[in-house]
Number of protein chains: 2
Amino acid sequence: MAEKLQDSYLAAHDQLYRNLRMRIMYGELRPGQAMTLRGVAEEFSVSVTPVREALKRLAAEGALSISVSGRFQTPALTNDRIEELAALRALIEVELATRALPRAHMALVERLQTINNAISVAVAKADAVTYIRTNLEFHRTLYLRAQAPAMLATVETVWLQMGPTMRALYGRLQRKDPPMHHRLILAALKAGDEPGLRVAVRADVTQGLRMLAR
Amino acid sequence: MAEKLQDSYLAAHDQLYRNLRMRIMYGELRPGQAMTLRGVAEEFSVSVTPVREALKRLAAEGALSISVSGRFQTPALTNDRIEELAALRALIEVELATRALPRAHMALVERLQTINNAISVAVAKADAVTYIRTNLEFHRTLYLRAQAPAMLATVETVWLQMGPTMRALYGRLQRKDPPMHHRLILAALKAGDEPGLRVAVRADVTQGLRMLAR
DNA sequence: TATCGGCAATTGTGATCACAAACGCAGATG
DNA sequence: CATCTGCGTTTGTGATCACAATTGCCGATA
């Protein structure tokens with residue numbers, strides 16, 4: 001195999017996948033944005049073969065939609081689908097937070113508070129991409145403690161599908177308030193309050209949905 | 001594009017994907033079973049290019065695992081991961097059933113009963129593959145009524161990951177009892193009993209987990 | 001008999017090419 | 001001014017090839 005295993009070398013298609021995945025999940029691409037095999041191939045100076053694998057993989061995860069003729073573009077979600085994805089987030093993330101709670105020590109809460117400060121800065125600067133990235137980092141850091149890799153992978157797929165739409169929503173809303181629900185989450189973590197944690201996580205995840213129903 | 005759109009022609013890699021996906025989800029492959037690009041290519045009389053796309057896609061969905069050197073094989077799940085996947089099933093399928101309940105009319109219940117009879121036949125014949133397929137068909141038929149395609153797709157991915165393991169489990173257990181929990185589900189559907197439905201679905205989904213903790 | 005070393009076969013990766021279908025813009029037509 | 005018709009360009013698909021790394025088997029050695 002051409003895949004060098006020494007150190008942490010990654011195959012070309014895997015580098016492409018990770019790079020594009022970040023772009024999509026963190027809202028750097030608008031909904032409906034088209035991508036072509038040769039376009040991406042030229043941008044990354046590779047042939048179309050690894051690009052095809054990366055785009056197909058992203059499409060399989062719902063990060064890209066494929067037109068009937070096979071063209072790739074970021075998905076433009078309907079309101080119904082947004083509601084569904086938000087409900088999935090609520091279901092899974094409440095469970096992940098619950099599983100993380102007994103393992104959440106002070107060091108974790110402090111790390112979360114640091115991330116929370118970064119979120120506040122991003123909000124103040126109205127930097128949508130940084131806001132989305134740090135916000136997801138907050139959630140991921142908490143859920144990593146749940147020791148539930150399959151659940152985390154599933155919810156990350158949901159985040160991925162919502163990426164372009166979240167960018168469009170947050171960019172439109174221009175919210176100015178710091179992350180209120182995150183403070184509730186931190187308080188519940190410190191107090192070991194499981195019911196309170198579940199309510200706080202559910203509220204945080206569902207919050208974005210409310211401003212959709214404008 | 002080489003993709004003919006007339007009628008319902010599918011690209012070669014898509015045919016491969018669907019075929020292999022069925023094999024895996026319905027337990028026709030054992031855990032840890034290896035697959036090679038050239039092996040599959042020869043079996044389906046195509047080149048390695050479409051095979052690579054199909055296998056990569058399945059790997060992205062967790063239906064196949066990739067070794068450090070890039071080889072493909074069906075996943076051999078740890079007990080922890082099985083517990084996680086069962087918990088995901090419980091979370092999502094309870095929600096899907098709840099959403100399907102208000103739309104579940106008599107015709108649907110009758111279709112479910114027909115499928116249930118087929119399940120009993122498969123159990124009596126100790127046909128693990130048919131049992132798994134018809135059992136999932138029972139669940140899918142119910143959940144289709146929920147009008148929640150993203151949730152259904154997510155839970156199908158979970159089914160996919162558990163396919164080979166379920167085959168190994170059911171093959172070992174040789175259960176003889178007809179689907180008890182399914183009768184409870186049907187009764188709750190007929191009665192419009194949402195709490196009862198949620199309990200029945202959760203029990204049905206978690207049931208397989210218990211015989212794992214032998 | 002068990003273990004190690006080495007070589008041949010196997011395997012995944014990425015580049016390149018031909019091909020057919022869809023796209024998109026320009027020009028003709030009403 | 002709006003709509004349709006062509007035609008060149010763009011795009012995804014699948015086959016093939018060279019390559020490098022892994023695998024696995026066979027024989028040598030202790």
Side-chain angles (χ1 to χ4, degrees), chain A residues 1-21 24 29-76, chain B residues 1-21 24 29-76:
Chain A
M1 286 140 268
E3 186 177 356
K4 300 177 192 172
L5 293 180
Q6 53 194 1
D7 295 333
S8 60
Y9 178 90
L10 288 177
H13 67 85
D14 221 30
Q15 289 187 40
L16 285 170
Y17 168 76
R18 288 163 193 253
N19 194 313
L20 296 174
R21 177 188 154 102
I24 296 170
L29 273 53
R30 270 183 292 270
Q33 189 144 119
M35 302 184 75
T36 65
L37 293 184
R38 290 171 177 83
V40 177
E42 191 178 5
E43 180 183 347
F44 289 87
S45 301
V46 292
S47 76
V48 297
T49 310
V51 176
R52 219 192 320 184
E53 286 188 36
L55 294 193
K56 284 281 183 182
R57 180 170 175 187
L58 289 165
E61 295 179 278
L64 292 175
S65 64
I66 304 187
S67 75
V68 285
S69 60
R71 270 140 161 104
F72 299 88
Q73 61 173 31
T74 53
Chain B
M1 284 139 274
E3 186 177 356
K4 300 176 191 172
L5 293 179
Q6 53 194 1
D7 295 334
S8 60
Y9 177 91
L10 288 177
H13 67 85
D14 222 30
Q15 290 187 39
L16 285 170
Y17 168 76
R18 289 163 194 253
N19 194 314
L20 296 174
R21 178 189 154 99
I24 295 171
L29 272 52
R30 271 183 291 271
Q33 189 142 119
M35 303 184 74
T36 65
L37 293 184
R38 290 172 177 82
V40 178
E42 191 178 5
E43 180 182 348
F44 289 87
S45 301
V46 292
S47 77
V48 296
T49 311
V51 175
R52 216 189 327 183
E53 287 187 35
L55 294 192
K56 283 282 182 182
R57 181 171 174 187
L58 289 166
E61 296 179 276
L64 292 176
S65 63
I66 305 188
S67 76
V68 285
S69 61
R71 273 142 159 102
F72 299 89
Q73 61 173 31
T74 53

The side chain of [X] lies closest to which of these nucleotides: [options]?
| X | options | value |
| --- | --- | --- |
| His13(A) | dT13(D), dT23(D), dG14(C) | dG14(C) |
| Arg52(B) | dT13(D), dT13(C), dT16(C) | dT13(C) |
| Arg38(A) | dA15(D), dT13(D), dT22(D) | dT13(D) |
| Arg71(A) | dT23(D), dG14(C), dA22(C) | dA22(C) |
| Phe72(B) | dG14(C), dT13(D), dG12(C) | dG12(C) |
| Thr36(B) | dG14(D), dT11(C), dT13(C) | dT11(C) |
| Pro50(B) | dG12(C), dA15(D), dG14(C) | dA15(D) |

(message) Can you see if the side chain of Ser69(B) gets near the phosphate of dG12(C) - specifically, an N or O under 4.0 Å from OP1 or OP2?
(response) no

(request) Establish, with yes or no, whether the OP1 or OP2 oxygen of dA15(D) is under 4.0 angstrom from a side-chain nitrogen or oxygen of Ser47(B). (result) yes

Taking atom [atom2] of [N] as reference, at what distance in whole Å does atom [atom1] of [X] sit?
| X | N | atom1 | atom2 | answer |
| --- | --- | --- | --- | --- |
| Glu42(A) | dT11(D) | CD | C1' | 14 Å |
| Phe44(A) | dA15(C) | CZ | P | 13 Å |
| Leu37(A) | dT16(C) | CG | C1' | 14 Å |
| Gln15(B) | dT13(D) | CD | P | 14 Å |
| Glu53(B) | dG14(D) | CD | P | 6 Å |

(message) For Asp14(B), is there an ion pair with Arg57(B) - N to carboxylate O distance below 4.0 angstrom?
(response) yes

(request) Considering non-hydrogen atoms only, spot the tightest contact between Arg38(B) and Val48(B) and give its length. (result) CG-CG1, 3.8 Å

